[in-house]
2 protein chains.
Amino acid sequence: MTTQYGTRPTMKDVAARARVGLKTVSRVVNDEPGVTPATADRVRSAITELGFRRNDSARMLRKGRTASVGLLLEDIGDPFYSVLSRAVEAVARFHGSLLFTGSSAEHPQRERELAMAFCARRVDGLVIVPAGDDHRYLLPELAAGTAAVFVDRPAEQIEADAVLSDSVGGAREGTAHLIRHGHRRIGFVGDQPQIHTAAERLRGYREAMAAAGLPVDPDQVAMGPTDQATVAAALERLTSGPRPVTALLTGNNRITLEVLRRLPALPYRPALVGFDDLELAELLVPGLTVVAQDPAGLGRTAADLLFRRLDGDTTPPRTVRLPTRLIPRGSGETVAPR
Amino acid sequence: MTTQYGTRPTMKDVAARARVGLKTVSRVVNDEPGVTPATADRVRSAITELGFRRNDSARMLRKGRTASVGLLLEDIGDPFYSVLSRAVEAVARFHGSLLFTGSSAEHPQRERELAMAFCARRVDGLVIVPAGDDHRYLLPELAAGTAAVFVDRPAEQIEADAVLSDSVGGAREGTAHLIRHGHRRIGFVGDQPQIHTAAERLRGYREAMAAAGLPVDPDQVAMGPTDQATVAAALERLTSGPRPVTALLTGNNRITLEVLRRLPALPYRPALVGFDDLELAELLVPGLTVVAQDPAGLGRTAADLLFRRLDGDTTPPRTVRLPTRLIPRGSGETVAPR
DNA sequence: GTGAAAGCGCTAACAC
DNA sequence: GTGTTAGCGCTTTCAC
C-alpha cells in the first residue's frame, strides 16, 4: 500500500497509475458498464495500491443530492428521544442516507443554528423536534427544496408535516382513569407551558376534570422546568396545604422520575399516573401506571413521511397523530381516601 | 424574497444581483476585510432577497476539512450509548463540528460499512464503539489522516486510541462485594464472550473468585446474546439444579433488566449486583446495587482525545481507562443463606 | 477595494 | 471501450 500521510489519492491519481482516463476510473468505481474486464482489473489494482476511496462529498456536490438527513432533537441522552432517534436512523439507512444528529437542549437559538448548519451542508431533509416558537426561518430552505418533518411537536408559524402523539387524548385518559378510581382532587405537574406537548397535556387534564364536573384550582396545577428543584417545589406545593391532592398526573418522563424519587419523603402516597413509559416501571412497588407514547413509532412515521416527500410527494402538509396507551400497573389504581 | 422552488441561489447569483464580483460576495459572506461598507450592504441585500445560504459542502471540498465527525456505536437507543453520544455531541459542538451518527447493531459488517461511508464523506475523525474484531480496514483511512478514537471497547489488530471503563476492576469489585456478604456460589451472566467488555468482566469475576479461593464451576457462568429468551434460559440454569447460585453478577444493563424482570418468578431471590447503572435503580425494593460506569465521561474523554489529534497531537496511541464505581443499594447486600 | 482565473474531486455529456 | 471537456459552488491566487 503506497499511502502518503495526509494526502488522499484522487481518481486522477488512480487514472495515472492505471494508465487510463479519469472517466474510466469513475466507471469502475461506480460499476458502470462499458469497461473491459482487463482494464477494470488494472484500475482496481491501482485503487487498492493507492488506498483510494471515492470522495462522496465531491460526488454529491456534482449530483445534487447529499444522501443525508438531519435529525434535530431536544436531547439525544433522553431515552424517549434516543429511541425515536434509532427509528429515524433505521429508516434513513434503508433509504441509503446518513444521519446528522444534533440536540437543541430546548434552546430556540440552538435549534435554529443547528438547522441552518444542516441546511448549509445541504441535507436532503430534516426531522425536527422543535424547541422554538417560530419556524419561519426555515421558509427559504423549504422553498429551495429541503424537506422537513416535525415530530413530537408541531411547527409554529409555518405549515409543515408533523407527527405527534395524541397528548390531549392521552392526558384525558390518564386523568379519567384516576377519576374512575374515586379521586376528585387530582394534581397536574407539567413542563413549561410554552412547550406544545405540555400545553396539550394540561388541556387534556382540564377536559377530563371538566367532563367529570370537577373543579381545577390553581394550586392543583404546576407548570415549569423539569429540573429537580422545580419539580420538588411543585410536588411540595400540591401535596401540602389545607387540601392536598390525592392523585397526580405527571407530564413527561423526567417529571415522573423526579416525583417518584420524592414520593417516599411525602407524608402520604398520592396515586400516580405518568406520561411516558419508563424502563423498570413494572418492577416498582407499586408498578407505575403510565400513559405510554410510542417514540419508535413517532420516529419511524416521521422518517417515512420525510422520504416520501423526498421521493416527490407534493401533497399538502399533513399532521399524523399517534395514539397513546394507558398501562395500569398499580400506582394509578389506588383508591382515593374518603 | 425571490425564491425559486428547487433551485438554490449560489454566490454567482448573488454576485450578479449585487453587481459585484464573485469574490466580493465570498468576502462578505466570510467576514473578510477589504470591502466597502456600501458594497457589503448591497451584497447583503442581495443575499436576503435571494435567500442565499452558503453551500458548506462545496466550501469544505475546497478547504480540505469537513468540520464533521462520525460517531459509530452499537445502538443509539440504548441509554448507555445515548448518554455517551450526548457527551460526544457536546464536545463536537464546542469545536464547531457536526456529528454523523450510526448504529452497528453489533454487526461487524455494518460497522465497517458505516465507517467507510463516514470516511467517504471525509469526516475529520471517527469515534467508534467497535463491533468487529479486525479493524485493519481502517488503516488506509488513518494513513490518509482521518483520526479515530475507540471507546468502550479497544480496536482489534491495529494500534489506536481507546477510552475504556475498567471492566476487570469493576467486575472484581462487584464480585468481591458479594463475597464479602457471605456468598460463595456466585453466578455470572454476561454478553457474548467475543465482545471485549464481556470477556473482561468475566475475567474480573474470575479473579475475585480465585482471590477468595472460591471455585467457579461451568454451571455458574452464562455468556451469550442479551435477548430475553437467552437471558431467561441462563437465569433458569444458574438458579436451578442441585447447587443453585445464591448471588448474581450481571454483565450489562440489558442483562440486568431481563434478570430483574424474571426474579419474581424464581423460587428464591438471589443477591444481585448489576454492571451499569439504571434509571430508577434506587427506587426498586430492594434498591439495585450496581457497578456504575461513566458513559458521559467515556464520550467526553474520547471526543476530547479525538479533537486533540485533529489539532495535531501525534504522540503514540494511548489507552485511557476510566474507573467504575460500586453503588450499594440493597440488592447486593442480602446475606447468603447458610 | 475588487475581480478574473484556476482548481478542490467528482460526474454528465459528448466526443472518438 | 475509452477519453476529453465542462461544471457542481466554493476558496485561493494573483492581477488590477
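Contact annotation: B:N30 side-chain N/O to D:dT11 OP1/OP2 distance is under 4.0 Å. Dashed line: the shortest gap from a side-chain N or O of B:T39 to OP1 or OP2 of C:dT2 is under 4.0 Å. Here A:S26 does not reach the OP1 or OP2 of C:dC10: none of its side-chain N or O atoms lies under 4.0 Å away. Within the structure, every side-chain polar atom (N or O) of A:K12 is placed at least 4.0 Å from both OP1 and OP2 of C:dC10. At the phosphate of D:dG3, OP1 or OP2 sits under 4.0 Å from a side-chain N or O atom of A:T24. Distances shown here put every side-chain N or O of A:S57 at or beyond 4.0 Å from the OP1 or OP2 atom of C:dC10.
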Trace of the salt bridge (charged side-chain N to carboxylate O under 4.0 Å, His left out) decision for A:R318 with A:D313:
CA-CA 12 Å; A:R318 73 189 78 155; A:D313 177 348; 2.9 Å; yes

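Counting to the nearest Å, the C1' atom of D:dG9 and the CD1 atom of B:I47 are 14 Å from each other. One can place CD of A:E32 at 14 Å from C1' of D:dG3, the figure rounded to the nearest angstrom. Atom CE of B:M11 and atom C1' of C:dA4 are 16 Å apart (whole Å). We find that NZ of B:K63 is positioned 15 Å from P of C:dG9, with the value rounded to whole Å. One interatomic measurement links the two molecules: CZ of B:R65 to C1' of D:dT12, which rounds to 19 Å at whole-angstrom precision. As a whole-Å value, the separation of B:M60 CE from D:dT12 P is 12 Å. Separating the CZ atom of B:R121 from the P atom of C:dG9 is a distance of 17 Å, rounded to the nearest angstrom. Between the CG atom of A:L22 and the P atom of C:dG9 there is a distance of 11 Å, given to the nearest Å.
Of the candidate nucleotides C:dT2, D:dC10, C:dT11, D:dC10 has the atom nearest to the side chain of B:A58. You'll find that the side chain of A:R27 is closest to D:dG3, out of D:dG3, C:dG3, C:dG9. Listed nucleotides C:dA4, D:dT2, D:dC10 differ in distance to B:K23; the shortest reach to its side chain belongs to C:dA4. Considering only the side chain of B:L61, D:dG9 comes nearest among C:dT11, D:dT11, D:dG9. For B:R59, the side-chain atoms get nearest to D:dT11 when compared with the rest of C:dG3, D:dT11, C:dA12.
Using modelled atom types and a 3.5 Å distance limit, the side chains of B:T36 and B:R42 yield no donor-acceptor pair. Judged by distance alone, the side chains of A:E111 and A:H135 do bring a donor and an acceptor atom under 3.5 Å apart. A:R65 and A:S97 are not linked by any side-chain donor-acceptor pair at a separation below 3.5 angstrom, with hydrogens and angles left out of the test. A donor atom on one side chain and an acceptor atom on the other are found under 3.5 Å apart for B:R309 and B:T315.
Side chain B:R62 to base C:dG7: a donor-acceptor pair is found below 3.5 Å.
Considering all non-hydrogen atoms of both residues, A:P154 and A:L164 come closest at N-CD2, 3.6 Å.
Residue order along DNA chain C, read from the 5' end via each residue's closest nucleotide, puts B:R19 first among B:R19 and A:N55.
Nucleic acid contact class of A:D56 (heavy atoms, under 4.0 Å, all strands): none.
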